[in-house]
Amino acid sequence: MEDLFANQYPAANSKNLYADIILPVPIPKWFTYSVGLDIQDQIGIGYRVMVQFGKKKILTGIVAKVHQKAPDVYQPKPILDLLDDFPVVNALQIKFWSWMSSYYCCHIGEVMNAALPSGLKLSTESKVQVHPDFDFDNPGFPMDDREILLLETLSKHDEMNVEQFDQLLPGKTSHKIIKSLLGKGAILVYESVREKYSPKTEQRVRLTSKYIKKEGLLESLFEDLKGKEKQEAVLLKYLQQVSVFQKPEANAKGLEKKVLTDHGCSPSSIDTLVKKGVLESFKVLVSRFEVPSVSDHGIELSPVQGEALQQIHAQFEEKNTILLQGITGSGKTEIYAQLIQDVLQSGSQVLLLLPEIALTTHLVHRLQKIFGDKMGVFHSKYSDNERVEVWQGVLKGKYNFIIGVRSSLFLPFDSLGLVIVDEEHESSYKQFDPAPRFQARDAAIMLSWMHQAKTLLGTATPSFESYYNAQNGKYGYVKIDKRYGNAELPHFFLADILQDKKKNLLKLDFTRLLREKIQTTLNRQEQVLIFQNRRGYAPYISCDECGWIPECEHCDVSLTYHQYQDELRCHYCGFKEKVPISCHACGSQKITTVGTGTERIEESLSLLFPEARIARMDLDTTRSKYGYQRILEEFSAGNVDILVGTQMITKGLDFDKVSLVGIVDADRILFYPDFRAGERAFQQITQVAGRSGRRDKTGDVIIQTRRPDQLIFRQIIAGNYNDFYRLEMAERKQFFYPPFVKNIKIITKHKDFKTAETAAKFLKNLLMDIAAKKIILGPEKSLIGKIKNLYLFEIWIKLDRSGKVQQFFKQQLMDRIAELQADKRFRMVRFLVDVDPY
DNA sequence: AGCACGCCGACT
DNA sequence: GTCGGCGTGCTC
């Protein structure tokens with residue numbers, strides 16, 4: 001197709017204004033378009049524009065920069081349309097995006113994709129129409145059956161989109177036919193933009209004003225309605241719900257139609273009254289969020305909390321970021337609430353980041369009670385329309401306090417005063433796929449700095465990075481080591497799995513100690529949490545005769561057995577298959593499950609404690625929007641005695657009746673081939689242990705392990721973070737691990753093993769030449785060597801911490817990757833760059 | 001990432 | 001012959 005806008009170039013160029021546009025394409029370039037005279041006065045940073053990209057594609061992008069520097073090698077295309085009266089994105093956001101793209105080595109278009117709710121990203125679709133000049137009886141060219149079918153279908157509709165034709169005709173033939181018909185002038189093809197966000201509306205009715213203004217009219221109306229019982233009922237119901245004479249303004253607001261129909265009024269009789277001019281029907285825009293009532297719950301701080309708050313205020317005088325280490329149950333929520341209130345009163349905005357799992361819990365409800373409709377919630381399970389509404393809410397100043405998951409960093413804040421990152425150690429703050437592969441805690445600190453705001457990192461078990469920064473004075477540091485109301489820390493017990501096994505005391509993965517403790521807890525009518533960080537029934541199944549293990553066809557992993565659906569599943573690509581009846585290698589029928597997942601734990605518990613009510617919380621039981629909430633509510637209502645779960649149960653559960661926490665297999669957490677394994681084990685065990693015992697009760701924690709001699713257990717039990725930190729840090733320093741170096745991981749991905757490997761080797765050689773203080777490890781096959789039929793190789797880079805070195809190296813790195821991708825051997829290789837990987 | 005262009009096999 | 005495969009180059 002020819003360039004439709006070729007004739008517009010000269011006019012658009014006459015005043016030489018250009019705009020750099022961020023487009024949602026993964027191309028590491030800026031795209032400069034010319035700004036037409038008609039929009040030159042209006043256009044600015046953050047406006048959405050429509051541009052032609054390539055030969056026919058129309059995209060919406062965001063203006064990143066307006067300038068007068070003409071591109072010297074090409075003639076820019078004009079901006080087709082300015083879509084907004086006000087910018088949807090502010091200059092600070094653009095700055096934040098561009099920081100993120102350069103720090104995390106990705107394209108700014110990818111950041112934009114992550115940042116904008118897709119409701120704001122207008123897309124175009126190709127529409128097809130019969131050409132107005134086309135005459136069916138006299139087409140002027142011979143038509144085949146498919147062309148006739150297509151044209152006939154098309155003439156029955158005003159317009160159709162290309163996807164509809166794909167359903168009409170088999171295969172991909174429709175595209176071809178559309179093209180040929182277009183050439184013959186029988187049809188028109190054009191791009192149409194569609195706004196995806198649709199506001200929610202509500203149908204309401206009200207009494208027309210004449211019945212209120214004119215006395216007696218209503219009485220005579222009832223006369224007229226005699227015998228028409230249904231209509232009479234509608235009217236009576238309305239008058240009962242809305243006191244139209246006492247409060248005329250109430251009538252103006254009307255009544256939701258649904259209220260009438262819910263009370264048994266028929267929709268048709270309502271419509272009749274509307275036709276008669278008695279009622280009038282109208283639509284109003286409503287929010288998708290229920291407005292919680294603000295109950296003026298004051299915030300009350302205990303002396304310990306008050307003391308911590310004082311310290312925070314004092315340290316914010318000098319430091320921009322503070323690490324608040326408060327043990328589980330020390331009441332960080334109240335401190336947050338007080339800080340938030342102070343900042344809101346000064347007129348600034350506040351962002352509170354939470355890991356996704358913690359977002360449905362009581363913390364949100366607590367804060368909602370205090371801050372009411374000033375507070376917006378941004379959840380990852382929200383629909384796109386809901387996200388747009390939160391976005392608009394921030395933009396219009398309806399919400400000045402947002403509590404949300406990591407993507408809420410991208411909301412259009414213009415004057416943040418405080419960012420709080422709760423559970424700052426949580427590894428889910430790191431996004432891996434897709435790019436941008438950002439660490440939300442670190443990005444929050446940057447965002448905060450751009451707003452000249454303060455950042456508070458809260459946790460019971462700090463990440464090594466944050467603790468290190470607190471120790472060396474870069475961050476402030478405040479510690480609370482008393483539980484709220486002086487509740488005591490739980491008692492820890494180590495249960496030796498191997499010992500019990502030898503003595504035949506291990507039953508279905510449970511040691512005698514854990515079984516006995518569960519029983520006594522149940523007898524006291526208290527609740528139990530059982531932690532097992534592995535979902536499914538069993539990690540894998542295996543043939544007793546020859547040891548054959550079913551593996552995924554597309555990935556380099558064994559399949560996990562899920563008993564509930566009686567199938568084998570790949571946790572990496574979602575592949576499923578029926579459980580084999582006999583071994584594929586030797587034909588034996590003796591196939592048994594190996595290892596233990598949450599499903600199996602649930603089953604074992606029901607065998608060991610048949611009278612107990614047991615529930616399970618893991619990815620499989622919480623997929624739906626309110627999945628977590630349902631299980632948590634059941635648990636907190638006391639309808640469940642034992643809750644089994646993965647790390648999900650370590651977050652935000654605050655239940656008074658939990659007095660026992662059991663960790664089925666602590667070794668699974670500890671012995672993991674990763675330098676952070678120790679740190680993670682300390683955090684996870686401490687976190688889950690913190691769920692045991694509240695207020696006046698002291699809880700118990702049972703850790704089952706094969707290696708009770710491990711030093712880390714003693715440190716966890718003593719709550720001695722400091723000792724643990726010191727020892728672990730010495731090791732990290734010795735072996736060049738973060739926070740002493742900056743890690744960058746590069747993954748090459750390709751469908752051939754050899755190509756993926758060679759690409760990685762070539763890249764490594766190129767990287768060795770970069771003049772920067774670094775250590776390069778690999779390439780090595782990834783831990784999981786193949787995922788979704790793509791082979792994976794990894795290169796690890798340990799880089800000097802200085803900002804200058806990092807910036808230089810990253811720039812070089814991206815250049816070298818571009819260089820390699822230009823080589824046709826590696827064209828199909830994907831290079832993933834992961835800065836500060838987990 | 002899409003998408004069009006271009007050069008080779010297997011069918012009416 | 002042509003239809004349709006996917007290698008390769010480009011997008012302001």
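Nothing here was measured: the structure is a model prediction, and the numbers come from that model.
Evaluation of the salt bridge (Lys or Arg N to Asp or Glu O under 4.0 Å) test over residues 83-109 of chain A, restricted to residues two or more places apart or in two chains, returns A/Arg48-A/Asp84. Annotation: salt bridge (Lys or Arg N to Asp or Glu O under 4.0 Å) contacts involving residues 825-838 of chain A, sequence neighbours excluded, comprise A/Lys430-A/Asp834, A/Lys742-A/Asp836, A/Asp823-A/Arg825.
Annotation: side chain to side chain contact (heavy atoms under 4.5 Å, CB included) contacts of A/Asp815 (sequence neighbours excluded): A/Gln811. For A/His67, there are no ring pair (Phe, Tyr, Trp, His ring centres under 6.0 Å) partners at least two apart in sequence or on another chain. Remark: A/Leu783 engages A/Pro673 in a side chain to side chain contact (heavy atoms under 4.5 Å, CB included) (not counting sequence neighbours).
Between the CZ atom of A/Arg830 and the P atom of B/dG2 there is a distance of 11 Å, rounded to whole Å. Following rounding to the nearest Å, A/Asp823 (CG) and C/dG7 (P) show an atom-to-atom distance of 16 Å. A straight line from CE of A/Met828 to C1' of B/dG2 spans 12 Å, rounded to a whole angstrom. When the C1' atom of B/dG2 is taken as reference, atom CD1 of A/Ile58 falls 15 Å away, rounded to whole Å. With rounding to whole Å, A/Gln821 atom CD is found 12 Å from B/dA1 atom C1'.
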Short heteroatom pairs, N/O only, protein and nucleotides 9-11 of chain C, under 3.5 Å:
residue: C/dG9; atom: OP2; partner: A/Arg827; partner atom: NH2; Å: 3.1
residue: C/dT11; atom: O3'; partner: A/Gly54; partner atom: N; Å: 3.2

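OP1 or OP2 of B/dC3 has at least one side-chain nitrogen or oxygen of A/Lys57 nearer than 4.0 Å.
Between A/Phe793 and A/Phe753, a ring centre-to-centre spacing shorter than 6.0 Å is recorded.
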